[in-house]
Amino acid sequence: MSGDAGTGREEPRMSDETTPGHRYTAELAGEIEARWQRAWEDQGTYHAPNPVGPLRGEVPEDKLFVQDMFPYPSGAGLHVGHPLGFIGTDVFARYHRMTGRNVLHTMGFDAFGLPAEQYAVQTGQHPRVTTEANIDTYLRQIRRLGLGHDERRRISTIDPGYYRWTQWIFLQIFNSYYDAEQGKARPIERLVERFASGDRTWDGKTWAQLSKAEREKVLNEHRLVYLSDAPVNWAPGLGTVVSNEEVTAEGRTERGNMPVFRRNLRQWMMRITAYGDRLIDDLDRLDWPEKVKSMQRNWIGRSHGAHVDFAVGEHEITVFTTRPDTLFGATYVVLAPEHELVEALVPAEWPAGTDERWTGGAATPAEAVAAYRRAASTKSELERQENKEKTGVFTGAFAVNPVNDERVPVFIADYVLASYGTGAIMAVPAQDQRDWDFATVFGLPIRRTVQPPEGFDGEAFTGDGPAVNSGFLDGMDVAEAKKAVISWLEEHGRGRGTINFKLRDWLFSRQRYWGEPFPIVYDEDGTPVAVPESMLPVELPEVDDYSPRTFDPEDADSEPSPPLSRATDWITVELDLGDGPKTYRRDANTMPNWAGSCWYQLRYVDPTDTESFCAPENERYWLGPQPSHGPGDPGGVDLYIGGVEHAVLHLLYSRFWQKVLYDLGHVSGEEPYRKLFNQGYIQAYAYVDKRGVYVPAAEVVERDGKHFFGDEEVRQEYGKMGKSLKNVVTPDEMCDQYGADTFRLYEMSMGPMEVSRPWATKDVVGAQRFLQRLWRNVVDEETGQVRVQDADPDEATLRLLHKTIAGVHDDYANMRYNTAGAKLIELNNHLTKNFPDGAPRAVAEAVVPMLAPLCPHVAEELWAKLGHGESLAHGPFPTADDRYLVEDTVEYPIQVNGKVRARVTVAASATQDEVKSAALAEEKVAALVGTTTPRKVIVVPGRLVNIVL
RNA sequence: GCCCCCGUAGCCCAACAGGCAGAGGCAGCCCCCUUAAAAGGGGUGGAGUGCCGGUUCGAAUCCGGUCGGGGGCACCA
């Protein structure tokens, strides 16, 4: 960790001569916390038993699996924002553990990744060394917080015992194909059997006639992991390729903000697109925030439409459209500049009478096209997006509209994206604004095929309406016309209905050192061969230089050179893979950072299993579908908490792997995370002086609404907590100054879990005062003796107690920790006021367990002081007695014309009529009503009476 | 440009399903303990819910508009 945390600020508050010796100070809290943390660890208090295997034990039917998003062990250590979610899951887990459920809660590390590698490049230290040191620091920091983790289940993605199984899953995916008929993944052998027994041929050869390399080439087209030469995102500045999901809207890398270029490179791809439908459809079965679901739907981007074939001479352009109903209004066709057909279409001369605006000033179509393509290829993604003015050139070719045999010009233009649909569109300017804009620039005809409503004065009309100028479609609405034209196209062999996805296959290789090696070798033909399971894991070799070759970030023509390719002893290997010892070449790429987090919930369940990645019995118990969640339950972690930033990356990849494993019969759940919850962020103020330099936020004081650093006024900013902003507050400091329980309580009291809020160290004391008062109600500060009273509490206290119990149950179960805390404070304030000589034992013995999920250490300590030998971790948690929840009498506010004028108390059993008469009889009300008859009297049972005059 | 979320006391936040605007904390103020101090104790004032309009007997809550803040998507055919 950064060595500066916890230094230089306020010293922990030490008790001096005048502080009572047994007051609940930070010092005492620290002592109690360390002691209980040790006791929990020694006794394995949070060990959750498994049905089978090394962690086997008695398993109650009622289980709960709570998971935090996989942390990356950063070298900077934790600030107070990081543990918010961890504490939230811990409170939830503790509450449910106390009510008797078998609760699985632990934490491991997603420890491969760029920062450790970059640090290694700088220092020459092995990334494993720095990563492991970071993990130690991280563990020490979270241990102080009293998180009830099953520490037997700690895992780390960089552990060969872990990545062995990451590689194993990779091989499962590699050895599968997607059977479109069955709608699921199946072993590749099934496909081989089909090919071998069928009469299909490849270039005239039957399966039996194909060479091994040729067969492998065919299978590569079907495997769920395959080698591709398609354009990928190459970031020369990072020396690696990255996935679509890792590229920002500005066309730069999410990590490092480096420019990205499209390059054809041979890379591993995962066929996630095969799962597009299921990834979208199954969102409906998940208890996730709508926001995240809609982000995933958006990313997958399913749209229903049609492919339509336009003949161009002997060639055919297939366009994708979501509006086949407007086909009669297609007045030109546009190809993306990169479209493979472009060159084949271009004639030698401009056709006679070609509009000057179409030629780009070039003498021949070939020149115009070449110039335009060159210009488009040098534009960055950002430039393409920023400039929304339509550009393009005519190819010189004409296509034939299949429905009306009309000749329409073919253009290339960069407003058509090569990577979406077929990279070609039919342009219908009357019904699409982009096409309208282009048509206007180039003077192309615009023909309405959907009648806009009367008075419509816009340009393109995209709404519903009757078809016009559309032959056999005339009069139909959009939906009808779509159906009709698709059947016409299918009948005439000119097109077909289709579903298109925005989602692309997942680029799965990186040219890095610090990641999982691929369990793949290449034979003398360059054919990839899976490393047998028995030889896993393929371990990372030692190298001298951890860095990939990086380049000038703008050098689009550079070539990736992964660090592993330089490990010459490792890269060449002699293996016997069944046909005798032969020399193979290893794959020099590593897997992306997301690989390890795609399946870690499965390993939490069975962390030490050496026979399988997770025993089926354990998987079914912790992660399988639950009857209590009704039919169609997809299974998964019961509560998964983390930030919203993983909405598409991790959460999409993880769902994909889960579905493959499900199809292959390795897991019983179709989804990895049944319920997802996004916690808010803790943000902080930062202060900038006149020079624009950040000053230490802890030393800034506020006077009259202005902020000063020393004598200088500074400007306040609000945002992230970070070293460079000089506003970091660490959990270590908070534990030193207040104790972990106070810190936990404060974080949970700041507001609901999902809300982002500003950190305010000065407010933490409120949580500490509460714990001190509670402590004092149970323990004599001078002697340390328990001072609870044995006499029975009075009726009012019992009523408040049981109301609190009922409320706190509800709050914990619904993650409303802020209101749970408030209810406990309210009850404690009542005790302080009414029982100056100590709380009644019966009440204290209920309050302490109710506090335990939020503040486990002090609760354990008080529970022990009250004479209990057993830890509170597994309960008891008090239950509310209904007797005290029903009131004998009810006080009704009486409104006259909506304003509260009086109150009246009646028996809780009073009928509405009785309440009404009691209200009307009340003197102030009677005076207001006078002799008139109220127009209306509304009695809301249990709440109020409103008299309308 | 399109879509989503949020505006309650000086600050962070409560208010079940439309029913008395305040549970809790910080800060403030008063008092007590103390030689003194407070991260000790006790007590206490304070907002009509960003703004405008509508529905309703009744609106923080529902609807429409508007302002402010945050987020997502952005030539996806």
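Every value quoted in this text rests on a predicted model; they were computed, and no experiment measured them. Order of the sequence lines fixes the chain letters, A, B, ..., with proteins taken first and strands second; residue numbering starts at 1 for each chain. Computed from heavy atoms alone, side chains included, the values below leave out hydrogens, waters and symmetry copies.
Residue A:Val428 is out of contact with every strand shown, counting any heavy-atom pair closer than 4.0 Å. Within 4.0 Å (heavy atoms only), A:Ser303 reaches sugar-phosphate atoms of the nucleic acid but no base atom. Using a 4.0 Å heavy-atom distance criterion, A:Gln433 is classed as making no nucleic acid contact.
For A:Pro752, counting side-chain heavy atoms from C-beta on, the closest listed nucleotide (B:G19, B:C13, B:A77) is B:C13.
Here the CD atom belonging to A:Glu922 is positioned 10.5 Å from the CZ atom belonging to A:Arg903, to the nearest 0.5 angstrom.
The ring of A:Phe442 has its center no closer than 6.0 angstrom to the ring center of A:Tyr332. A centroid separation of less than 6.0 Å is found between the aromatic rings of A:Tyr685 and A:Tyr718. A ring-centre distance under 6.0 Å is found for A:Tyr746 and A:Trp759.
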Once base and sugar-phosphate atoms are separated, protein heavy atoms under 4.0 Å mark nucleotides 25-31 of chain B, 5' to 3', with B, S and - as BSS----

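Counting non-hydrogen atoms of other residues, nucleotides and ligands closer than 6.0 Å to NZ of A:Lys502 gives a total above 12. For A:Lys293, the NZ atom is densely surrounded, since the number of other residues' heavy atoms within 6.0 Å is greater than 12.
Atoms CZ (A:Arg816) and C1' (B:A15) sit 11 Å apart, rounded to a whole Å. A:Asn946 places its CG atom 13 Å from the P atom of B:G19, with the value rounded to the nearest Å. The nearest whole Å value for the distance from the OH atom in A:Tyr24 to the P atom in B:A39 is 18 Å.
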Derivation and outcome, side-chain hydrogen bond (donor to acceptor under 3.5 Å, both in side chains), residues A:Gln768 and A:Tyr738
CA-CA 7 Å; A:Gln768 189 183 39; A:Tyr738 299 98; over 6 Å; no

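Using Watson-Crick or G-U wobble geometry with both donor-acceptor distances under 3.5 Å, B:G1 finds its partner in B:C73.
A salt bridge links A:Asp277 and A:Arg302; the closest N-O separation between the charged side-chain nitrogens and carboxylate oxygens is under 4.0 Å.
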Protein-nucleic acid N or O pairs under 3.5 Å, nucleotides 70-73 of chain B:
residue : atom : partner  : partner atom : Å
B:G71   : O2'  : A:Lys291 : NZ           : 2.7

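With its glycosidic angle within 90° of 0, B:G48 adopts the syn conformation.
In this structure, A:Lys390 is not positioned above the aromatic face of A:Phe438 in the sense of NZ or CZ being under 6.0 Å from the six-membered ring centre and within 45° of the axis.
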